[in-house]
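Accompanying notes for the structure given below.
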Amino acid sequence: MMIPQVARRILREFRPEGRCEILLDPYMGSGTSLVEASLCGMSSVGTDLNPLARFISKVKTTRYDAMAIEREFRNIQNGLLFYSDEAVRERDFGRISNREFWYSYDVLLRLSYLSQLIRDNSADNIDFFNLALSEVVREASYTRNGEFKRFRMDKKRIATYNPDVFKMFEEKVRRNIIGLVEYKKAVTNDDVRIYGFDSTLPIPDDAVAKESVDIVLTSPPYGDSRTTVAYGQFSRWSNEWFSFEHARNLDTLLMGGGKNVSELDTKTISSELQQIKDIDCRRYCEVVSFLNDYKASIINVADTVRTGGMVCYVVGNRNVKGVQIPLDYFTAEMFEQCGFEHVTTVVRSIPNKRMPSKTSPTNIAGKKVDTMNNEYIVVMRKLN
Ligand SMILES: C[S@@+](CC[C@H](N)C(=O)[O-])C[C@H]1O[C@@H](n2cnc3c(N)ncnc32)[C@H](O)[C@@H]1O
């Protein structure tokens, strides 16, 4: 996630001159920049291929009736008091792959009972409660917490793992109600449009008109999902629980998931690419495939920005086989090719990302190399 404080500061410091009404996030994730746009009075448009990301962003930017939610929450909580195995109506878990590996049967029944209570007690606010449930679905599984990839706990941990599913849900709903009340107090524009188009393909004109966007604020992926942050794996429990589309193959659809290995014309990172190619040709192809997709998306995004509009990309410089790839330089170079000028790059150290700060990219046991300790906010302005 991009943290809200960073998004807020960027929007304050790098507002374009003149009109500042429309923000675009072509990789919106959980919608941090859309929320911040709403809070500072701007309309926003976001897209993400991950249905869970769209679902989170939608709920976070909706002005639900907090009183109705409190009332429905009390009814759900009452229902929890009457939980018994026999009270669970929906017991078909066929949509969840490898369910016995990831869940105890008791947890599945309790999750199903929560879904049932949400359906029975809420009409207009179902998504609000399902968002809390989507987090519990992951946390109550046997996954090792704090990791993006699907790793199972060890047997010893599983033997004693007994998550209190209902308590987890209640805590998340309470936290989200506080967030909702704060959001409603502060929001000054709730014109938020959420899409699921692929930003590496031409952006549909009816979603975002050419030259209409005043500011782009986004944090794109750093590399393909298989070898960096596995968004698809991370969200698979929730995507499967809600039967969202592409639950099982999402990582192959995200940037770099295909095999677009055509030669890349770049001055800024050509020597790094050559070094990786000399060490490992397969890894080189993966990196180039990601960068080709990334370049295509930059061309599409650039088209939507008005003259004088700003682009702020928060990127990380990942390490592949011991070679650091300066994605900040590459980003600036690609936008320059699209008629932008480089304004500045702000470097920020990242204390709290889910990425490990050290990995062994060389695959030599014990050899640890820094992956990403800094993030780079690349700021560009569109020229005439
Ligand atoms: C670093 S995350 C964005 C995080 C976001 N800024 C936040 O605060 O939650 C990158 C996002 O890009 C999405 N993504 C990857 N490839 C995409 C593509 N081709 N089109 C649209 N979204 C894509 C992923 O699903 C992921 O949610």
Side-chain angles (χ1 to χ4, degrees), residues 1-11 23-39 44-61 131 134-135 148 179 192 194-204 207-208 215-236 238-239 244-247 249-260 289-301 304 311-318 327 331 348 350 352-355 372 375-378:
M1 272 187 59
M2 172 163 30
I3 61 169
Q5 295 84 334
V6 166
R8 199 165 305 163
R9 236 181 119 184
I10 294 174
L11 284 183
L23 172 144
L24 168 67
D25 187 342
Y27 307 99
M28 85 191 149
S30 59
T32 312
S33 53
L34 273 51
V35 168
E36 291 308 316
S38 296
L39 296 180
S44 60
V45 185
T47 188
D48 203 294
L49 281 177
N50 186 345
L52 183 65
R54 299 199 291 275
F55 177 68
I56 298 171
S57 297
K58 181 89 204 103
V59 175
K60 274 169 71 178
T61 54
L131 178 61
S134 76
E135 274 187 83
F148 258 107
V192 178
I194 289 169
Y195 293 94
F197 58 78
D198 181 337
S199 44
T200 66
L201 301 175
I203 295 178
V208 196
I215 188 163
V216 177
L217 172 54
T218 194
S219 54
Y222 304 124
D224 66 284
S225 289
R226 201 178 63 75
T227 60
T228 53
V229 180
Y231 299 105
Q233 288 195 39
F234 184 75
S235 42
R236 181 148 163 190
S238 315
N239 278 332
F244 287 156
E245 60 180 352
H246 305 307
N249 67 338
L250 197 60
D251 282 325
T252 61
L253 302 176
L254 302 180
M255 279 213 308
K259 286 282 162 283
N260 182 1
S289 160
F290 168 79
L291 291 173
N292 273 318
D293 281 352
Y294 186 52
K295 175 181 178 177
S297 80
I298 286 180
I299 293 169
N300 298 329
V301 168
T304 68
V311 158
C312 308
Y313 268 48
V314 183
V315 302
N317 291 343
R318 62 186 292 230
L327 198 59
T331 306
R348 197 180 82 84
I350 37 172
N352 192 20
K353 287 254 165 166
R354 203 176 274 272
M355 284 281 287
M372 291 185 307
E375 67 185 11
Y376 300 80
I377 304 165
V378 182

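Start at 1 and go down the list; that is how both ligands and their atoms are numbered.
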CG on L254 to OH on Y27, rounded to 0.5 Å: 10.5 Å
Where the closest heavy atom to atom 15 (C) of ligand 1 is concerned, which of G29, G316, P221 has it? P221
Considering only heavy atoms, does S33 approach ligand 1 within less than 4.0 Å through its side chain, its backbone, both, or neither? neither
Partner residues of L201 under the side chain to side chain contact (heavy atoms under 4.5 Å, CB included) criterion, sequence neighbours left out: D198
Enumerated ligand 1 atoms positioned under 4.0 Å from heavy atoms of P26: 21 (C), 22 (N)
Parallel, tilted or perpendicular, as decided by the 30° and 60° cut-offs, for the rings of F55 and F244: tilted
For ligand 1, is there an N or O atom under 3.5 Å from any N or O atom of L254? no
With the threshold set at under 4.0 angstrom, would you say S297 reaches ligand 1 through any of its heavy atoms? no
Applying the side-chain contact (heavy atoms from CB on, under 4.5 Å) test to E36, which of M2, R9, Q5, R8 qualifies? R8
Between T32 and ligand 1, is there a nitrogen or oxygen pair with a distance under 3.5 Å? yes
Out of T218, D48, V315, D293, whose heavy atom is nearest to atom 27 (O) of ligand 1? D48
Over 60° means perpendicular and under 30° means parallel, so classify the ring planes of F197 and Y195, tilted if in between. tilted
Does any N or O of ligand 1 fall below 3.5 Å from an N or O anywhere on T200, backbone included? no
Does A53, backbone or side chain, put an N or O under 3.5 Å from an N or O of ligand 1? no
Treating D48 as the side-chain partner and G29 as the backbone partner, does any N or O pair qualify as donor plus acceptor under 3.5 Å? yes
Ligand-residue contact atoms, ligand 1 with N50, heavy atoms, under 4.0 Å: 25 (O)
Give, for atom OH of Y231 and atom CE of M255, the distance between the pair rounded to the nearest 0.5 Å. 9.0 Å
Specify side chain, backbone, both or neither for Y231, according to which of its non-hydrogen atoms lie closer than 4.0 Å to ligand 1. side chain
Once side chain to side chain contact (heavy atoms under 4.5 Å, CB included) is applied, do any residues pair with S44, and if so which ones, sequence neighbours excluded? L23, L34, A37, V192
Taking only heavy atoms of D198, which atoms of ligand 1 are found under 4.0 Å from at least one of them? 18 (C), 19 (N), 20 (N)
Any N or O of D25 that comes nearer than 3.5 Å to an N or O of ligand 1? no
Kindly say whether R54 contributes a backbone atom to a donor-acceptor pair with the side chain of S57 at under 3.5 angstrom? no
